[in-house]
Structures are given as C-alpha cells and as structure tokens.
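Notes for the one structure printed next.
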Amino acid sequence: MKLLDTHTHVISPDSARYPTDPIGGHQSEWSRARPVDAEGLLRAMDAADIEQAVVVQASTVYGHDNRYVTETVRAHRDRLVGVYSLDALAADAVDKIAYWQDQGLSGFRLFTTGSTMPGQGDWLGHADSYPAWAYAEANGIPVCLQMTMEGIPALRSLLERFPKAIVLLDHCARPVLNEGAPYAASKALLDLATFPGVHLKLTNRTLAASAEGQSTPVDFLRTIIAAFGADHIAWGSNFPAAAGTLAELADTARSVLGELSSDEQQAIASGTARRLYPFQSSGAR
C-alpha cells in the first residue's frame, strides 16, 4: 500500500536563523525531545517507503514564521508540499496568504488548540477572519484546522457563510471515541459531512484514540467512511510529534487500512491528498 503522509513536521537545528516563537508562548515538548530536520524527514520517509508528504508548519515551535517550511519544500519539490501557519484575525491576513502561496506553499493552518494551548480558542469564527476565509474559498486554498469538537459550532457558522471552503480537520477534531460504535459523542463531527468541503485528517493520534475502550479502529473507519466517504479522508502520521519511528507509524496505518476495500485504501492512503494538494507526479523523481 503506497502511503502519502499529509501531516509531518520539521524542526531546524539552526535556532539562530530560525528562532522559536511558539503559539501558546512555550515550545512543545515533542519538538524538544525528538526534533527532525528536513533531511531527517526524508530519511524517515525512505525507511517507511513513503515517497511524498505534506510538511505542516510546526506552530508550537515557529508560530507564523513559515520560512523553514518554505525552504524545506523548495529544496525538495519532488517529494514535499508545504502548509503554512496563519493569524486569520490579522488585518493583513489576506496579504499573508498571497505571500506564502507565492513562496510555493499550498494551504494554511489555523491553530486553535494544541499541546501549548489546551482548550478551544474562542476566536474561531470571529468576523475578523472572514476575509481570510473568503480568499481561501475563492481561490480553492485548503484550510487545515487544529481544533477540538468544541469548535464545531463556530466551524459550522463559517461553513454556512463560506460553503465552498475546503477544510481538513487535523486529528479528526480530536473526538472522544472510547464508547465505540455508533459514536454518539461524535455526532457533531459526523454531521459536518453535509458540507462537501470538509475532509478528515486521519492521523496516528486518532488511530490510537480509536483503539481505546469499546472502540476499534476499523469500527471508527467504517463510521467516518459511511458519513464522509473515503475520498474525504486522508492519512497523516503526525511524525515526529507522534512517538515512534515513521516506519512504525506507517506500518500501523497500513495494518488498519488493510481491513478496507482496495478503493477505500487507495483514497485514504494517497488519493484524497493528491486531489487536495499539488504533488508532482510520482514519476517526476
């Protein structure tokens, strides 16, 4: 099974050139304990038999300074696509989107929760962010959302205003899954399937959560496929934020996805990502 990884991070060893400025005010523990630079990511991808990947800005290290992601992608366009971090409330948010897109990146990330900022940020859906959402919708720019289930009402409001917006929910919006099927606690997440632009990013964090309590990964997969369709779900490792080697994380994904039909496997493993992001053809290498 050929995997395309939609959720990786890179950390530069050059802290003078790329100083930390994390969202939340303090650097994430994972980035201190197991940082991986651009070359380290490529080596890990080779070991895991992953040809191409999305590098998502490490918001808990660099905030909205997307220079290292940009330079990483520029140096390896045959293998990598980049996603930048954005302050959607800033007066110059649209200018920033245009700038980073021109630098060769392919979509932005809004960070409303995470290890350095627990809880759910109350700014998601604020009117000041409307110009950024309108620009993304008009230009078909994917928006990654790092959020919790508590943010879904605000997201629904945004999607009602910007119905053609393309959204990827990092970690499937962190649902509580231990109750098992039919996942009643995740109804608000499943109901988002009525918006055609909503996609789920199925990370190894989510796969681990889906194996707790009465839940099984296959039950959860079949539930979200029934709601969204496999063509609206994309796998991502969350390496190196997720503990373990990329090869181990990829093996876990291949094992779980192996329970699905071949068409479902292909969509989640790589097809959805290729539809959303401008990867070079695999033969370009």
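Without hydrogens or angle criteria, Gln265 side chain to Leu260 main chain gives a donor-acceptor distance under 3.5 Å. Judged purely by atom type and a 3.5 angstrom limit, Thr6 uses its side chain to pair as donor or acceptor with the backbone of Trp235. At distances below 3.5 Å, at least one donor-acceptor pair connects side-chain atoms of Glu179 with backbone N or O atoms of Ala184. Proximity of a side-chain donor or acceptor of Ser12 to a complementary backbone N or O of Asp14 within less than 3.5 Å is detected. A distance-only check finds no donor-acceptor pair linking the side chain of Ser255 to the backbone of Thr252 [under 3.5 Å]. With hydrogens and angles ignored, the 3.5 Å screen pairs a side-chain donor or acceptor of Thr112 with a backbone N or O of Gln146. In terms of modelled atom types and a separation under 3.5 Å, the side chain of Asn204 and the main chain of Leu207 share no donor-acceptor contact.
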Using residues 218-228 as the side-chain source, report each donor-acceptor pair under 3.5 Å to any protein atom, sequence neighbours left out, with the distance given to one decimal.
unit_1, atom_1, unit_2, atom_2, d
Asp219, OD2, Thr216, OG1, 3.1
Arg222, NH2, Glu259, O, 2.9
Thr223, OG1, Asp219, O, 2.8

Mind listing the side-chain donor-acceptor pairs of residues 151-160 below 3.5 Å, one per line with the distance, residues two or more places apart or on another chain?
none

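Nearest approach of Thr272 to Ala230, heavy atoms of both residues: OG1-O, 3.2 Å. For Ile50 against Ala250, the heavy-atom pair with the smallest separation is CD1-CB, 4.1 Å. Counting all heavy atoms, side chain and backbone alike, Ala209 lies closest to Leu177 at O-CB, 4.0 Å. Shown here for Leu41 and Phe239, the closest heavy-atom pair between the two residues is CD1-CD2, 4.0 Å. Considering every non-hydrogen atom in both His126 and Ser129, the closest pair reads O-OG, 2.7 Å. Pro278 approaches Ser106 most closely through the heavy-atom pair CG-OG, 3.4 Å.
In this structure, Ile141 and Tyr135 have side chains that are in contact, with non-hydrogen atoms separated by less than 4.5 Å. Counting heavy atoms from C-beta outward, Leu249 and Asp5 have side chains that stay 4.5 Å or more apart. Side-chain contact between Ile97 and Asn139 is absent, with no heavy-atom pair separated by less than 4.5 Å. For the pair Thr20 and Ser15, the minimum side-chain heavy-atom distance is 4.5 Å or more. Within the 4.5 Å cutoff, side-chain heavy atoms of Tyr130 are placed close to those of Arg161. Using a 4.5 Å cut-off on side-chain heavy atoms (C-beta onward), Trp123 and Leu110 make contact. For the pair Val167/Trp133, a side-chain contact is recorded, criterion being any heavy-atom separation below 4.5 Å from C-beta on. Residues Leu200 and Leu189 meet the side-chain proximity criterion, which asks for heavy atoms closer than 4.5 Å.
Here the options are Asp65, Ile23, Asn66, the test is side chain to side chain contact (heavy atoms under 4.5 Å, CB included), and the partner is Ser59; only Ile23 passes. Among Arg274, Gln280, Arg79, His76, the one residue that satisfies the side-chain hydrogen bond (donor to acceptor under 3.5 Å, both in side chains) test with Gln52 is Arg274.
Of the inter-residue distances, the one linking Asp170 atom CG with Thr148 atom OG1 reads 12.5 Å to the nearest 0.5 angstrom. Taking CD from Glu51 and CG from Asp78, the interatomic distance works out to 8.5 Å, rounded to the nearest 0.5 Å. Of the inter-residue distances, the one linking Asp122 atom CG with Glu150 atom CD reads 11.0 Å to the nearest 0.5 angstrom. Rounding to the nearest 0.5 Å places CG of Leu80 at 11.0 Å from CG of Leu105.
Side-chain contacts under 4.5 Å among hydrophobic residues (ILVMFWY), followed directly or transitively, place Val83 together with Leu4, Val54, Val56, Val81, Ile166, Leu168, Leu276, Tyr277, Phe279.
For Ala138, the side-chain contact (heavy atoms from CB on, under 4.5 Å) criterion is met by no residue, not counting sequence neighbours. Taking the ring-ring contact (aromatic ring centres under 6.0 Å, His included) definition, one finds that Tyr99 meets it with nothing, sequence neighbours left out. In this structure His232 satisfies the ring-ring contact (aromatic ring centres under 6.0 Å, His included) test together with His199, sequence neighbours excluded. With sequence neighbours excluded, the residues that form a side-chain contact (heavy atoms from CB on, under 4.5 Å) with Asp49 are Lys2, Arg254. Under the side-chain contact (heavy atoms from CB on, under 4.5 Å) criterion, Ala211 pairs with Pro217, sequence neighbours left out. Contacts of His171 classified as ring-ring contact (aromatic ring centres under 6.0 Å, His included), with partners at least two apart in sequence or in another chain: His7. Taking the salt bridge (Lys or Arg N to Asp or Glu O under 4.0 Å) definition, one finds that Glu264 meets it with nothing, sequence neighbours left out. Here Tyr18 pairs with Tyr68 under the ring-ring contact (aromatic ring centres under 6.0 Å, His included) rule; sequence neighbours left out. In this structure, the side-chain contact (heavy atoms from CB on, under 4.5 Å) partners of Ala241, at least two apart in sequence or on a different chain, are His9, Trp30, Asn238.
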Kindly indicate, with the supporting measurements, whether the criterion side chain to side chain contact (heavy atoms under 4.5 Å, CB included) is fulfilled by Leu246 and Val36.
CA-CA 11 Å; Leu246 183 53; Val36 173; over 6 Å; no

Please assess Phe108 against Val143 for the test side chain to side chain contact (heavy atoms under 4.5 Å, CB included), listing each intermediate value before the final yes or no.
CA-CA 5 Å; Phe108 60 85; Val143 180; 3.5 Å; yes

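Side-chain contact, Gln103 with Arg67: no donor N or O sits under 3.5 Å from an acceptor N or O. Defined by atom type and a distance below 3.5 Å, a donor-acceptor pair is present between the side-chain atoms of Thr206 and Thr203.
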